[in-house]
Q: 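Please find one structure pasted underneath; my questions will follow.
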Amino acid sequence: MKSYFVYRESSNNGWTICPVWDEFWTEGKPITGSFNLLACRISGLSWPQWLRYCRQNGASLYGKGHKYVSAVWKEPNKDFLNKLNQRANELAKIINFKELNL
């Protein structure tokens, strides 16, 4: 299974989910827009649903009053990340992420 998302250390003394940039790169130019929303869109959830889902799976939410709230885990939740990558792999079989004009 290909990994489209990984955990990276965050400034909030924890771990946050980030996309693997090379998997979403289009013909030499980066995809524009907010990568914060990418995982929730791939999961088929709205942003508030995504944040609730992350919180139910052990994340703390940071950034109240900012443009985007961040979901941060004290320790990487491998099961959660595997489900997200599994969903991304299912979508990748149907569409080619690199050919999308996002």
Side-chain angles (χ1 to χ4, degrees):
M1 178 171 69
K2 195 180 237 185
S3 290
Y4 288 94
F5 296 92
V6 295
Y7 278 107
R8 296 232 165 91
E9 281 192 82
S10 78
S11 59
N12 293 327
N13 297 325
W15 299 85
T16 189
I17 292 177
C18 293
V20 176
W21 308 113
D22 292 340
E23 299 300 335
F24 299 100
W25 205 261
T26 58
E27 297 183 23
K29 63 178 185 163
I31 292 174
T32 57
S34 176
F35 275 104
N36 285 335
L37 298 175
L38 187 58
C40 77
R41 296 299 184 233
I42 285 176
S43 298
L45 300 171
S46 69
W47 184 244
Q49 290 170 328
W50 170 255
L51 292 174
R52 280 191 292 274
Y53 183 57
C54 290
R55 191 179 61 210
Q56 290 169 352
N57 283 280
S60 297
L61 304 179
Y62 293 94
K64 182 177 179 183
H66 294 123
K67 189 169 183 177
Y68 289 106
V69 176
S70 298
V72 179
W73 285 261
K74 289 185 181 185
E75 294 295 326
N77 183 336
K78 305 263 189 223
D79 291 335
F80 184 82
L81 187 65
N82 286 340
K83 286 179 189 175
L84 179 58
N85 278 319
Q86 182 178 4
R87 174 68 175 150
N89 276 281
E90 290 170 4
L91 288 176
K93 287 179 184 174
I94 300 168
I95 59 174
N96 184 345
F97 289 134
K98 292 185 179 191
E99 290 180 1
L100 294 178
N101 292 321
L102 302 175

Q: Give me the one residue out of Asn82, Asn85, Leu81, Asn89 that meets side-chain contact (heavy atoms from CB on, under 4.5 Å) with Ser3.
A: Asn85
Q: Considering residues at least two apart in sequence or located in another chain, which fulfil the side chain to side chain contact (heavy atoms under 4.5 Å, CB included) criterion with Lys93?
A: none
Q: Hey, what else clusters with Tyr62 if you join Ile, Leu, Val, Met, Phe, Trp, Tyr whenever side-chain heavy atoms sit under 4.5 Å?
A: Val72
Q: For Trp73, give me all partners under ring pair (Phe, Tyr, Trp, His ring centres under 6.0 Å), at least two apart in sequence or on another chain.
A: Tyr7, Phe80
Q: In Å, rounded to the nearest 0.5 Å, how long is the span from OH of Tyr4 to CG of Leu38?
A: 11.5 Å
Q: Do the non-hydrogen side-chain atoms of Ser70 and Leu61 ever get within less than 4.5 Å of each other?
A: no
Q: May I ask you to test the Arg8-Trp15 pair for a side-chain heavy-atom distance under 4.5 Å?
A: no
Q: Which atom pair, heavy atoms only, marks the closest approach of Thr16 to Ser10?
A: CG2-CB, 4.0 Å
Q: Run the salt bridge (charged side-chain N to carboxylate O under 4.0 Å, His left out) test against Lys78 and tell me which residues pass, sequence neighbours left out.
A: none
Q: Just wondering, do Leu84 and Ile17 contact through their side chains at under 4.5 Å, heavy atoms?
A: yes
Q: Just jot down the salt bridge (charged side-chain N to carboxylate O under 4.0 Å, His left out) partners of Glu90, sequence neighbours excluded, or say none.
A: Arg87
Q: Would you mind listing every side chain to side chain donor-acceptor pair (under 3.5 Å) that reaches into residues 45-60, with sequence neighbours excluded?
A: Ser46-Gln49
